[in-house]
Visitor: 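So that we are looking at the same thing, I have put the structure below in structure tokens.
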4 protein chains.
Amino acid sequence: MVVATAIASKRQLLVEAAAEVFSTHGFTATRVSDIAAAAGVGKGTVYEYYSSKEELFFAVFEWIDGQIRHKVDAAIAEPAKASDHLRAILTASAAIISEHRELFSMNLDFWAASRGSAFESRFSDACRILYARYRLLVADVIRRGQADGELRDDIDAAGVAALIVSALDGLAVQCWFDGSMDPVAAVDSFATALLGGLCREPR
Amino acid sequence: MVVATAIASKRQLLVEAAAEVFSTHGFTATRVSDIAAAAGVGKGTVYEYYSSKEELFFAVFEWIDGQIRHKVDAAIAEPAKASDHLRAILTASAAIISEHRELFSMNLDFWAASRGSAFESRFSDACRILYARYRLLVADVIRRGQADGELRDDIDAAGVAALIVSALDGLAVQCWFDGSMDPVAAVDSFATALLGGLCREPR
Amino acid sequence: MVVATAIASKRQLLVEAAAEVFSTHGFTATRVSDIAAAAGVGKGTVYEYYSSKEELFFAVFEWIDGQIRHKVDAAIAEPAKASDHLRAILTASAAIISEHRELFSMNLDFWAASRGSAFESRFSDACRILYARYRLLVADVIRRGQADGELRDDIDAAGVAALIVSALDGLAVQCWFDGSMDPVAAVDSFATALLGGLCREPR
Amino acid sequence: MVVATAIASKRQLLVEAAAEVFSTHGFTATRVSDIAAAAGVGKGTVYEYYSSKEELFFAVFEWIDGQIRHKVDAAIAEPAKASDHLRAILTASAAIISEHRELFSMNLDFWAASRGSAFESRFSDACRILYARYRLLVADVIRRGQADGELRDDIDAAGVAALIVSALDGLAVQCWFDGSMDPVAAVDSFATALLGGLCREPR
DNA sequence: TATGAATGAGAATTCATTCAT
DNA sequence: AATGAATGAATTCTCATTCAT
């Protein structure tokens with residue numbers, strides 16, 4: 001158990017060092033020796049815990065995914081109206097984006113890893129599953145609101161959910177390129193518009 | 001003039017061949033020789049027209065940007081209500097995504113190119129400007145609607161515009177990972193929700 | 001044709017440079033850059049002509065095999081009694097061993113390449129075929145001598161042929177380890193003994 | 001004494017485990033950790049008994065050499081005619097080759113170790129001495145036969161001895177490449193030919 | 001004495017780029 | 001202008017060896 005913990009913590013040490021370096025320089029420009037140096041270990045040690053640079057990269061992906069999922073789940077842990085949960089999801093996500101811009105920059109690398117790398121399908125599959133999960137999470141909230149009578153039921157929940165999830169991803173991209181953007185404020189306006197309608201007249 | 005045209009057309013030939021190969025294999029996995037072969041020219045010839053692989057990649061970026069901008073502009077060329085223009089922008093974008101999935105997969109590479117490549121800042125700057133332009137375009141439509149009294153004016157146009165643009169980018173990402181998604185249908189539900197409000201009661 | 005010749009000659013240049021370096025330092029201790037340097041070309045150039053170090057090593061194997069086969073064939077080109085042909089094969093082989101000790105030292109590497117390398121089966125197969133060919137060549141001479149009535153026909157030609165071929169291989173090994181050995185003299189005594197019998201009394 | 005024996009037996013344990021792994025995968029493809037695992041000890045323990053992989057490899061060489069030498073010595077332990085002793089040496093060697101093909105495959109590695117390894121000269125020297133010893137052993141038998149009047153004395157004993165020893169080495173090589181060969185049968189024909197003469201007419 | 005986690009030297013290979021023709 | 005042969009910088013990964021426990 002002590003051993004297992006030691007191994008797990010060394011793996012975690014490497015994942016965090018890797019996240020740091022990858023998020024700063026991007027996957028391609030990062031050398032394995034850079035990660036080793038950041039973790040304070042020798043180059044060979046990295047390979048004792050991860051069989052390749054890409055394997056470690058994937059571990060970073062899973063680690064970040066887990067963290068974000070945890071925060072999003074927390075945002076809707078308390079019972080509430082569907083509209084409040086939707087706003088909570090949007091706000092929580094924007095907050096994460098705002099606080100961890102450098103972490104979200106890794107998205108760009110994860111996505112690119114699905115293109116022409118040896119791990120192509122591994123990242124593709126993981127992303128496909130990840131997005132399906134988030135779409136389902138949002139769509140379920142919407143469907144609950146529709147069942148409760150709070151939300152209009154003449155609208156396809158899955159379609160709207162897809163765009164809400166999309167919006168958060170795209171927002172992180174824009175925040176990466178433009179450090180002056182305030183994702184929390186933008187999301188707030190968006191939530192108000194989406195829930196209440198942009199148009200003055202009901203339609 | 002004839003010469004200039006010949007040069008321009010050879011550059012264009014290379015850009016289109018490059019777009020084809022880059023979009024299929026991704027930036028990293030694409031070899032300059034692959035592009036040369038696809039264009040039917042010798043490897044050295046590529047360097048007669050572009051000084052580096054990244055320079056050519058950037059030319060592809062600009063070419064695709066121009067094409068998309070053109071289609072979006074066309075979508076709002078005709079005078080119409082702000083809400084119709086918003087829907088038109090969403091629908092036109094979804095249609096492009098749907099019809100040119102492979103082209104949009106290059107987004108992932110463009111974004112990654114802003115991380116750790118020699119052209120890092122060149123791509124970053126271009127993307128920042130590109131997104132600012134789209135946000136402004138959408139925000140202007142919203143502001144016009146607000147001025148016309150069609151749209152609620154208690155909502156920050158810039159914030160909503162940012163999320164609308166985000167949503168379209170994110171949608172392309174999800175479509176890349178999940179070929180079975182229908183962006184046009186999703187966008188249609190989203191437009192209805194956004195314009196009319198998800199909530200039954202006005203808020 | 002000129003091009004084909006240029007490519008062929010560059011490949012040949014590399015094979016000969018490789019044979020030189022491999023035979024001096026052995027396969028493992030030879031760096032690809034050593035071969036490139038010996039050939040007077042850049043390291044990358046080697047890979048333009050051979051896809052890997054082992055591919056080049058195999059080309060050296062085939063080149064040497066071809067040379068030796070040529071000389072052995074020449075030794076029995078002229079019609080002669082079977083016993084003279086056997087002696088000619090032995091003498092010619094010993095002469096090659098004597099004159100090209102460094103080339104024969106590569107045998108040790110070729111054999112070792114059949115053990116645990118990526119090319120394991122390629123070398124194994126090639127060696128098996130090579131030995132089968134030599135055994136057959138010698139056995140055919142013996143059988144002809146038996147048919148002609150010159151050689152005893154109560155002896156299995158294949159078995160003796162195997163040992164004659166073996167003796168020449170083993171001789172090269174011993175000469176590699178002991179530079180003072182004279183293979184030609186040793187082979188001469190051996191041929192006399194083998195043909196005439198070691199025993200004084202016919203048996 | 002107990003300690004010394006314990007050390008000796010641990011060294012022997014490692015040598016036999018190493019022989020097993022080396023003979024299966026070859027020297028280069030064998031990892032020290034493989035040997036440790038085969039011996040059921042930790043990787044570091046190997047270095048408590050042998051200072052390097054090559055040192056251990058050399059120990060395997062000496063162990064196998066000792067075993068073979070023992071069997072060959074046994075083959076000529078009983079007083080007998082020189083011709084019978086020669087046949088006994090050949091037959092005993094073929095039997096060992098036949099029964100321990102995998103052990104003989106290590107020859108290929110030992111030979112290669114004399115080329116470019118850190119132990120180059122150590123292996124070279126050992127092999128040179130080993131072959132000199134076998135040549136002398138065989139030559140002594142021949143000379144005794146010549147002195148006794150059983151064997152022709154117009155033939156150089158050393159030369160024939162060299163080729164007899166060579167033949168046995170080469171036979172092991174061919175058997176390695178071609179598992180279907182029967183060394184015992186081949187050697188029997190060879191012994192008959194060599195002792196009685198291949199030619200029908202005395203020469 | 002036994003261990004195995006940590007190390008880093010070392011080598012093969014790729015491919016963008018150059019430049020002589 | 002067009003070419004593609006030649007180049008070598010740059011990086012991943014392996015594994016023998018060390019040494020703290």
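Since the structure is predicted, the reported quantities are computational estimates derived from the model, not experimental observations. Letters go in sequence order (proteins before strands), and every chain restarts at 1.
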Visitor: So, is D:K10 near the phosphate of E:dA2, with a side-chain N or O under 4.0 Å from OP1 or OP2?
Guide: yes
Visitor: Restricting to nitrogen or oxygen on both sides, can you table the protein-nucleotides 17-21 of chain E pairs closer than 3.5 Å?
Guide:
| residue | atom | partner | partner atom | Å |
| --- | --- | --- | --- | --- |
| E:dT17 | OP2 | B:Y47 | OH | 2.9 |
| E:dT17 | OP2 | B:K53 | N | 2.9 |
| E:dT17 | O4 | B:K43 | NZ | 3.2 |

Visitor: Quick one: C:D34 CG to E:dA12 P, roughly how many Å, whole number?
Guide: 8 Å
Visitor: CZ of A:F57 to CZ of A:F119: how many Å apart, nearest 0.5 Å?
Guide: 10.5 Å
Visitor: Please state how far atom OH in A:Y50 lies from atom C1' in E:dA5, giving the value in whole angstrom units.
Guide: 16 Å
Visitor: Taking atom P of E:dA16 as reference, at what distance in whole Å does atom CD of B:E55 sit?
Guide: 15 Å
Visitor: Taking atom C1' of E:dA11 as reference, at what distance in whole Å does atom CD1 of C:I35 sit?
Guide: 12 Å
Visitor: Using salt bridge (Lys or Arg N to Asp or Glu O under 4.0 Å) as the criterion, list what pairs up with A:R11, not counting sequence neighbours.
Guide: none
Visitor: Over all heavy atoms of both residues, which pair between A:S114 and A:E120 is shortest? Give the atoms and the distance, please.
Guide: O-CG, 3.3 Å
Visitor: Do the side chain of C:R115 and the main chain of D:F22 share a donor and acceptor less than 3.5 angstrom apart?
Guide: yes
Visitor: I want to confirm an ordering. Mapping A:T45 and D:V41 to their closest nucleotides on DNA chain E, which one lands closer to the 5' end?
Guide: D:V41
Visitor: Drop me the distance from D:H25's NE2 to D:D109's CG, to the nearest 0.5 angstrom.
Guide: 12.0 Å
Visitor: So what does C:Y49 hit on the nucleic acid, given a heavy-atom distance under 4.0 Å: a base, only sugar-phosphate, or nothing?
Guide: sugar-phosphate
Visitor: When rounded to the nearest 0.5 angstrom, what distance separates CG in D:L14 from OG in D:S9?
Guide: 9.5 Å
Visitor: Would you kindly give the CZ-to-P distance between A:R31 and F:dA9, to the nearest whole Å?
Guide: 15 Å
Visitor: For DNA chain F, just give me the dot-bracket, please: Watson-Crick or G-U, both distances below 3.5 Å, ( ) intra-strand, [ ] crossing earlier pairs, | paired with another strand, . unpaired.
Guide: .||||||||||||||||||||
Visitor: Going by the angle between their ring planes, with limits at 30° and 60°, are A:W111 and B:W111 parallel, tilted or perpendicular?
Guide: tilted
Visitor: Quick one: B:L13 CG to F:dA1 C1', roughly how many Å, whole number?
Guide: 15 Å
Visitor: Given atom CG of A:L14 and atom P of E:dA5, what is their separation to the nearest angstrom?
Guide: 14 Å
Visitor: Strictly below 4.0 Å, N to O, side chains only: are A:R122 and A:E55 in salt-bridge contact?
Guide: yes
Visitor: Using a 4.0 Å heavy-atom cut-off, does C:T30 contact any base of the nucleic acid, only the sugar-phosphate backbone, or nothing at all?
Guide: sugar-phosphate
Visitor: Pick the nucleotide of DNA chain F nearest each of B:V46 and C:G40; which residue has the one closer to the 5' end?
Guide: B:V46
Visitor: Does C:K53 make a cation-pi contact with C:Y47 (under 6.0 Å, within 45 degrees of the axis)?
Guide: no
